[in-house]
Enquirer: 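Take this structure, written in structure tokens, and hold onto it; I'll ask about it next.
Here, residue 1 is the first one in the sequence, and each next residue gets the next number.
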Amino acid sequence: MPKFRRRTEPHLPVVQHVPSEGFGAPTLADIETLARAKTEAALNVLAAIMFRETANAFARVAAANAIPDRG
């Protein structure tokens, strides 16, 4: 069975350095785009937790409640 490695690189957009303006933080549009790109994966994780019989009952209920919140 393959081992999975935890990602160490950040998933936020790279901040561009403009010498005259300093460092610019990610804009709201950047964050919204990033969130939309990760939505399907997040829902898949919540569904997997919800259906995993060996998971803690509280985690399963929390996952079940979180899915409609994301819809």
Side-chain angles (χ1 to χ4, degrees):
M1 181 171 207
K3 288 190 174 185
F4 295 101
R5 294 184 190 174
R6 174 177 266 182
R7 290 182 155 200
T8 56
E9 70 274 3
H11 297 290
L12 292 175
V14 176
V15 176
Q16 300 296 324
H17 176 65
V18 179
S20 63
E21 298 177 12
F23 287 99
T27 63
L28 179 60
D30 294 334
I31 295 169
E32 287 174 344
T33 301
L34 181 64
R36 285 189 180 100
K38 303 295 181 186
T39 299
E40 185 177 355
L43 287 173
N44 287 337
V45 170
L46 289 171
I49 293 169
M50 185 177 67
F51 290 117
R52 187 176 302 139
E53 292 181 10
T54 58
N56 181 314
F58 292 107
R60 294 177 68 190
V61 170
N65 286 330
I67 290 174
D69 291 342
R70 304 311 185 264

Enquirer: Establish, from distance only, whether the side-chain atoms of Asp30 and Thr27 form a donor-acceptor pair under 3.5 Å.
Expert: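 Yes, because at least one side-chain N or O of Asp30 sits under 3.5 Å from a partner of the opposite role on Thr27.
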
Enquirer: Sequence neighbours left out, what passes side-chain contact (heavy atoms from CB on, under 4.5 Å) with Asn44? Give chain and number order.
Expert: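 If we apply the side-chain contact (heavy atoms from CB on, under 4.5 Å) test to Asn44, skipping adjacent residues, the hits are Glu40.
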
Enquirer: Mind checking the CG-CD1 spacing from Leu28 to Ile31? Nearest 0.5 Å is all I need.
Expert: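 The CG atom of Leu28 sits 6.5 Å away from the CD1 atom of Ile31.
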
Enquirer: I'd like to check the side-chain contact (heavy atoms from CB on, under 4.5 Å) partners of Glu53; sequence neighbours left out, ordered by chain and number.
Expert: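 Listed in chain order: nothing, the list is empty.
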
Enquirer: Which hydrophobic side chains are connected to Val61, either touching it within the sub-4.5 Å cutoff or through other members that do?
Expert: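 Traced through the cluster, Val61 reaches no other member.
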
Enquirer: Leu46 and Ala66: which non-hydrogen atoms are nearest, and at how many Å?
Expert: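 Here Leu46 and Ala66 meet closest at CD1-CB, 3.9 Å.
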
Enquirer: Suppose we screen for side chain to side chain donor-acceptor pair (under 3.5 Å). Which residues come up paired with Thr39, at least two apart in sequence or across chains?
Expert: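 Thr39: no side chain to side chain donor-acceptor pair (under 3.5 Å) contacts found.
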
Enquirer: Under the rule for side-chain contact (heavy atoms from CB on, under 4.5 Å), what residues qualify as partners of Ala59, not counting sequence neighbours?
Expert: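 So Ala59 forms a side-chain contact (heavy atoms from CB on, under 4.5 Å) with Ile49, Asn56.
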
Enquirer: With sequence neighbours excluded, tell me which residues meet side-chain contact (heavy atoms from CB on, under 4.5 Å) with Ala62.
Expert: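 Once residues adjacent in sequence are excluded, Ala62 has no partner under the side-chain contact (heavy atoms from CB on, under 4.5 Å) criterion.
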
Enquirer: Which heavy-atom pair separates Arg60 from Met50 by the least distance, and what is that distance?
Expert: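 In this case the closest contact between Arg60 and Met50 is NE-O, 3.0 Å.
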
